[in-house]
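Input: a single structure, listed below in structure tokens.
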There are 2 protein chains.
Amino acid sequence: MNMIAPVTESLGRSRPRTSPKKVKELPVDTILEGDCIAEMARLPDKSVDMIFADPPYNLQLQGDLFRPEGGRVDAVDDDWDKFESLQTYDDFTREWLAEARRILKDDGTIWVIGSYHNIYRVGSILQDADFWILNDIVWRKANPMPNFRGTRFTNAHETLIWCAKDGQAKYTFNYRAMKALNDDLQMRSDWLLPICGGGERAKDENGEKAHPTQKPESLLYRILLACTKPGDVVLDPFFGTGTTGAVARRLGRKWIGIERERKYVKVARNRIDATLPLDESAMTVMADKRSAPRVAFGLLVESGMVPAGSKLTDSKRRWTANVNADGSISCDGQAGSIHKIGAALQGAPSCNGWTFWHVEEAGKLQPIDALRQKHLAAL
Amino acid sequence: MNMIAPVTESLGRSRPRTSPKKVKELPVDTILEGDCIAEMARLPDKSVDMIFADPPYNLQLQGDLFRPEGGRVDAVDDDWDKFESLQTYDDFTREWLAEARRILKDDGTIWVIGSYHNIYRVGSILQDADFWILNDIVWRKANPMPNFRGTRFTNAHETLIWCAKDGQAKYTFNYRAMKALNDDLQMRSDWLLPICGGGERAKDENGEKAHPTQKPESLLYRILLACTKPGDVVLDPFFGTGTTGAVARRLGRKWIGIERERKYVKVARNRIDATLPLDESAMTVMADKRSAPRVAFGLLVESGMVPAGSKLTDSKRRWTANVNADGSISCDGQAGSIHKIGAALQGAPSCNGWTFWHVEEAGKLQPIDALRQKHLAAL
DNA sequence: ACTTCTCCTGAATCGGCGT
DNA sequence: AACGCCGATTCAGGAGAAG
């Protein structure tokens, strides 16, 4: 078991500690065997970067599904049952989500997956707990189980809810990586992925499938790639056969799993041990421009890459601007930054001067952003 | 206005009548102008076969949003979508759903559409009110608005919840019709349909869009075809520009619309009057496009078919590229899509990366397009 | 007549940093 | 905390103009 000190210390805030014996250091790359709420209670405040949770889909309701067809059920008792189970499920959900919220860093995010049986309870309780929904994602199953009786639409999807701790949080979203993964189109909220089967499906000692609802690694791959950075800590409070851990290890993320059932813990351990991390070069993703170091236009002027006195023009040569010695530009009697002048000329509220303005080189127009990239590469 | 006697008489059950002056006969094929709860209160118990509801989503938008090219997004800022709090929204939802339940026949079903802003509230309250969820349906928008800032996944779907009054109800589901509509495959819970635009979009006197959130007729067509019979009565308590009425008339169903805003009522009346029953000319778009699904290269990376870290080469082994975790590839210090990098290396304006790049398998080079075909076949 | 190009628009909870 | 500046950011489809 590896240990790393939690980045943020427990602050002893409003929420009472539900357990007196909190761990001093965050246990990572390990499975905590026990009840998810009790084990979460031992983890420090604001210590994990992401939580992925695949909670039970409300076992009480599933019980109803197994009733013999045509059996006469007293309606009043049934309603009472249902109320009882929904109430119980809600209480359970509120409790583990409260712990999850406490453990999550302020800029961390949480993902919860569910079906129509439970996801509306989960979504409402997330909102009630002041989580801020960023997206809901539809996992479209490429190969769902058909509806054998022909009584409904084929239940061919599950729903994931992605939340920040509040509307102001600065969460991680690797936009360019997601765009790259989707052939240079923005990644949408509907994901088509096969269900987990074949060799990926974990087996127990008897060769039977080890877990009834094992999630595909491709699903976790996309989630972890989108919303975490290498080295981030991911918590999965309903670990099962450890899909989250396996993918986290492969992608160079740290992980914590909580699982109550010993048989699943064993399967998960073996599975993750057999998973090899990608080497660092393979782990790289398209970097967001936002995270690149800033280059002031004046720096290019200073360095002579775009000398003072040279001309800038837009791609259609509608306007020509003069470069001043201080990195400001002049056009139409106005002077200011490449962005300000670009916006003013177009009558637009804003403008990215780096892509708007061009220089002529060998008869061809080239955006000054290309020069910036050259400048960055030279460093 | 046509009148038909309610099929099921009011039984004077537990719920107190919220209005003393209930109509004696059910008003059909007409718009009731007024508040949805007050107007529903005038309708008799157990009198309609289906309810389709498109309630306000409570979007909670902040400031203006601008497109990259400078245009301003025409947001939904209407008063009818503003609520003081989640609590207020929940109270409103409980109230109109209670009336809806009272009016609905015991074997009737209800559909409610929403987005992540409100659908979890709606789903929970439906379950709390003892409605029985039969399916949740994902409307995948073929042409959603992009995420202009690159901050989240493109919000490309809305969710519909379909409920019976309880788990024992004998609801209508036209299984064969749905299967026929889907090329003789069971209709799934994810529907790909374009948003409402072009000539279908209702205009006001000034030629502006009459309503900010008009739903496409293809969506209502599928719902009414699936869950009602000819002659059934469909109630839409948030009628807007009357899509439900127009499609109901086209399909030979009776309809009741409730709408508070006079401007929408006028548009809806004109629109429905101009709709010819059983003219299916406008319905040609309703079937899912069954064109071959596009496969992103990233999908092969995610699924492990071309693992991150593996090498690609062109047929003559002049270049070798490294596969990154997000499906981009790197070569010669550049990173980008299989197409972009292939084009850049050759100095060509474009390149089909699927045929340009190869993987080595058993000493033989194989274009990655072959792997794509294998992936498609597996689905 | 046919193609190509430009422009417009759609239920959207759509920045970050330094001063 | 508020303000101001930098500068990052879009997909599909329909309509109508232009070639």
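Bear in mind the structure is a predicted one, so any value in this text is a computation, not a measurement. Any value given below was found using the heavy atoms of this structure, including those in side chains, with hydrogens, waters and symmetry copies removed.
OP1 or OP2 of C:dT13 has at least one side-chain nitrogen or oxygen of B:N155 nearer than 4.0 Å. Checking the phosphate oxygens (OP1, OP2) of D:dA8, a side-chain nitrogen or oxygen of A:N352 falls inside 4.0 Å.
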If you restrict it to nitrogen or oxygen atoms, what contacts under 3.5 Å exist between nucleotides 15-19 of chain C and the protein, and what is each distance?
unit_1 : atom_1 : unit_2 : atom_2 : d
C:dG15 : OP2    : B:R149 : NE     : 3.2
C:dG15 : OP2    : B:R149 : NH1    : 2.5

Give every pair of a protein N or O atom and an N or O atom of nucleotides 3-9 of chain C that lie under 3.5 Å apart, one pair per line with the distance.
none

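Side-chain N/O atoms of B:Y264 and B:W80 include a donor and acceptor closer than 3.5 Å.
A:H157 approaches B:D136 most closely through the heavy-atom pair CE1-O, 3.0 Å.
With hydrogens and angles ignored, no donor-acceptor pair closer than 3.5 Å exists between the side chain of A:T355 and the base of D:dA8. Side chain B:K215 to base C:dA11: a donor-acceptor pair is found below 3.5 Å.
If you check residues 174-183 of chain A against DNA chain D, the residues with a heavy atom closer than 4.0 Å are A:Y175, A:R176, A:K179, listed by number. For the segment residues 78-90 of chain B, no residue has any heavy atom less than 4.0 angstrom from an atom of DNA chain D. Using a 4.0 Å cutoff on non-hydrogen atoms, the parts of residues 332-342 of chain A near DNA chain D are A:S337, A:H339, A:K340, ordered by number.
With C1' as the reference atom, D:dT10 and C:dT9 are 12 Å apart, rounded to whole Å. With C1' as the reference atom, C:dT13 and D:dC6 are 25 Å apart, rounded to whole Å. D:dG7 and C:dA11 are spaced 28 Å apart, taking the C1' atom of each and rounding to whole Å.
In the set D:dA8, C:dT13, D:dC11, the nucleotide with an atom closest to the side chain of B:H117 is C:dT13. Considering only side-chain atoms of B:R152, the nucleotide from C:dA12, D:dT9, C:dC14 that sits closest is C:dC14. Of all nucleotides listed (C:dA11, C:dA12, D:dA12), C:dA12 comes nearest to the side chain of B:L61. Of the candidates C:dA12, D:dC11, D:dG13, D:dG13 carries the atom nearest the B:A142 side chain, counting heavy atoms from C-beta on.
The 5' end of DNA chain C is approached more closely, in terms of each residue's nearest nucleotide, by B:D74 than by the other of B:F148 and B:D74.
The structure places OG1 of B:T243 at 8.5 Å from CG of B:D236, a figure rounded to the nearest 0.5 Å.
A donor-acceptor pair is defined here as one N or O able to donate and one able to accept, closer than 3.5 Å; such a pair exists between the side chain of B:Q214 and the backbone of B:A202. Proximity of a side-chain donor or acceptor of B:S124 to a complementary backbone N or O of A:Y120 within less than 3.5 Å is detected.
Close placement of the A:W162 and A:Y171 rings is indicated, their centers lying within 6.0 Å of each other.
Base orientation of C:dT13: syn, the glycosidic angle falling within 90° of 0.
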- Structure string for DNA chain D in dot-bracket form, Watson-Crick and G-U at under 3.5 Å, | interchain: .|||||....|||||||||
